[in-house]
Amino acid sequence: MSLESHTGNRGLVIEEPLIFEQGEPQRSAVDLPDVPDVPGRLGGLERQGTIGLPGLAEPECVRHYTRLSQKNFGIDSGFYPLGSCTMKHNPRLSEKAARLNGFANIHPLQPETTVQGALEAVSLLGQWLMDLTGMSAVAMSPAAGAHGELCGLMAIRAALEDKGDARQIVLVPESAHGTNPATAALCGYQVVSIPANEKGRVDVAALKAKLDGKVAALMLTNPNTCGLFESEILEIASAVKAAGAYFYCDGANFNAIVGRVKVADLGIDCMHINLHKTFSTPHGGGGPGAGPVVLSKRLKAYAPVPFVRQGEGGLELVEHGLGEAAKSFGRMKGFHGQFGVMIRALAYILSMGGNGLYQASSDAVLNANYLLARLSAELTPSFPGPCMHEALFDDRFLKDTGVTTLDFAKAMIDEGFHPMTMYFPLVVHGALLMEPTESESKQTLDIYVETLLSLARKAKAGGAAEDFKAAPRMTPRRRLDETRAARAPVLRWKQA
Ligand SMILES: *Cc1c(COP(=O)(O)O)cnc(C)c1O
């Protein structure tokens, strides 16, 4: 059966031209009375020509945006196995809490006495984050994980400068998320890369060889982006401390250990927490994130303002680098951060409770290990299990098949699965990284596993390369030139 159609539509997946291509200037969603043409009526401010707005009737306009929204895959549409992204279900209860009038309709410039409840919510969330990590302080305002990294490195720089100890280097393992070296560079540091060992962890000997008086910090992700716990983390922490450097932990993968490990016990100095990952607020096109940073005793004084404290007349915000905030490096963001995200995260935490969080991280790890174990029947796991929150495979199982990781991922789309993270982390060849989270049922994971196993068998049977390269067949668009899309984007529509 040919998949071509007369209209270009595929079933009820309807082609969606640009709104400008659909519109006609004479059409409009509203009827306005004719205005008599009185010269000079607008004091010479009349429009001189057309301004190229698309002309559509209201139903056409509604359909355009509704269809576009349906092309956006999200966790509410199906299983979203992206590794390192923690695409877990976003409970509707958290959404409801965030929409409460007293949270949704307040303004950051309102007098503090009128927003005591909001300040209490921020403070309570901060307290939970400190309790869950065992750390001494928390900076709530960073707006994302990457922003939290910047916050952490700025606190570290402030602490070093306070000691008159300017250092230039930040050490980053090869498997790190791209934001780590980018953050260090943005902060003016020189990035030195640390190789991984054959077990997918930091090569401690190589790390120690690079640790000297020029190193300001180590940025280490734990559990790391191979889905593994850095088992020598205590030794790493003491080596970093002995060199007079600080230990930044990328906590994006906190979902694997929340409620089970107090990160303060690991000897780290600061760590960002992606509320939108671990604490289940919508992200990845679904909404903004938040990346609060927890800090150790030795970094606490340098944390950014604002922070909430108990004053005489109630809760109040410390907004300036005076008094107890004298050493603060300043601000990360206008106002107080992503308040709506904080409310969702707090609602999630309170509805789960400590035991629920413990259960969630346990189930997330169990699910990942289920994938690792079952998929190892046909795919090649990069490292022996057990893993933490995500399962990592590489492309050895596709050797000599003519099928690449990309082809394999595209074939998954025709089967109704969003691909996993591909080609990351860089420490293995042709990576396929999947993080099921605790949200998925065994039934969902079983269909996913059966699908991937059958695709793997098909690839290995030989002669299927062309078929794989033709995927995806069922989507409105097939394969896009992703490089050109990034390098030569067409951002302005020009009338033919
Ligand atoms: C998601 C992620 C980040 C960046 O977080 P954002 O909120 O997307 O800025 C950093 N490190 C790791 C390991 C991540 O998975």
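We count ligands from 1, going down the list as the structure has it; atoms in each ligand are counted the same way. Note that the coordinates shown come from a computational prediction; the quantities given were computed from them, not determined experimentally. Numbering starts at 1 and runs along the sequence shown.
In this structure, D76 pairs ionically with R92, as a charged nitrogen and a carboxylate oxygen lie closer than 4.0 Å. Ion pair R67/E16 flagged as a salt bridge, since at least one NZ, NE, NH1 or NH2 atom sits closer than 4.0 Å to an Asp/Glu carboxylate oxygen. Look at R331 and E319 and you find a salt bridge, because one of the NZ, NE, NH1 or NH2 atoms lies within 4.0 Å of a carboxylate O, short of that distance.
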Return a table of donor-acceptor pairs under 3.5 angstrom between the side chains of residues 232-245 and protein atoms on other chains or two or more places apart.
| from | atom 1 | to | atom 2 | distance (Å) |
| --- | --- | --- | --- | --- |
| E235 | OE2 | K208 | NZ | 2.7 |
| S238 | OG | L234 | O | 3.3 |
| S238 | OG | E235 | O | 3.2 |

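R487 meets the salt bridge (Lys or Arg N to Asp or Glu O under 4.0 Å) test with no other residue; sequence neighbours excluded.
Residue pairs that meet the ring pair (Phe, Tyr, Trp, His ring centres under 6.0 Å) test with at least one member in residues 177-226, sequence neighbours left out, are H177-F424.
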Under 3.5 Å, N/O to N/O: give me all the pairs between ligand 1 and the protein, one per line with atom names and distance.
| from | atom 1 | to | atom 2 | distance (Å) |
| --- | --- | --- | --- | --- |
| ligand 1 | 5 (O) | N274 | ND2 | 3.0 |
| ligand 1 | 7 (O) | G145 | N | 2.8 |
| ligand 1 | 7 (O) | N274 | ND2 | 3.1 |
| ligand 1 | 7 (O) | H276 | NE2 | 2.7 |
| ligand 1 | 9 (O) | G145 | N | 3.3 |
| ligand 1 | 9 (O) | A146 | N | 2.8 |
| ligand 1 | 11 (N) | D250 | OD1 | 3.3 |
| ligand 1 | 11 (N) | D250 | OD2 | 2.6 |
| ligand 1 | 15 (O) | S84 | O | 2.7 |
| ligand 1 | 15 (O) | S84 | OG | 2.8 |
| ligand 1 | 15 (O) | K277 | NZ | 2.8 |

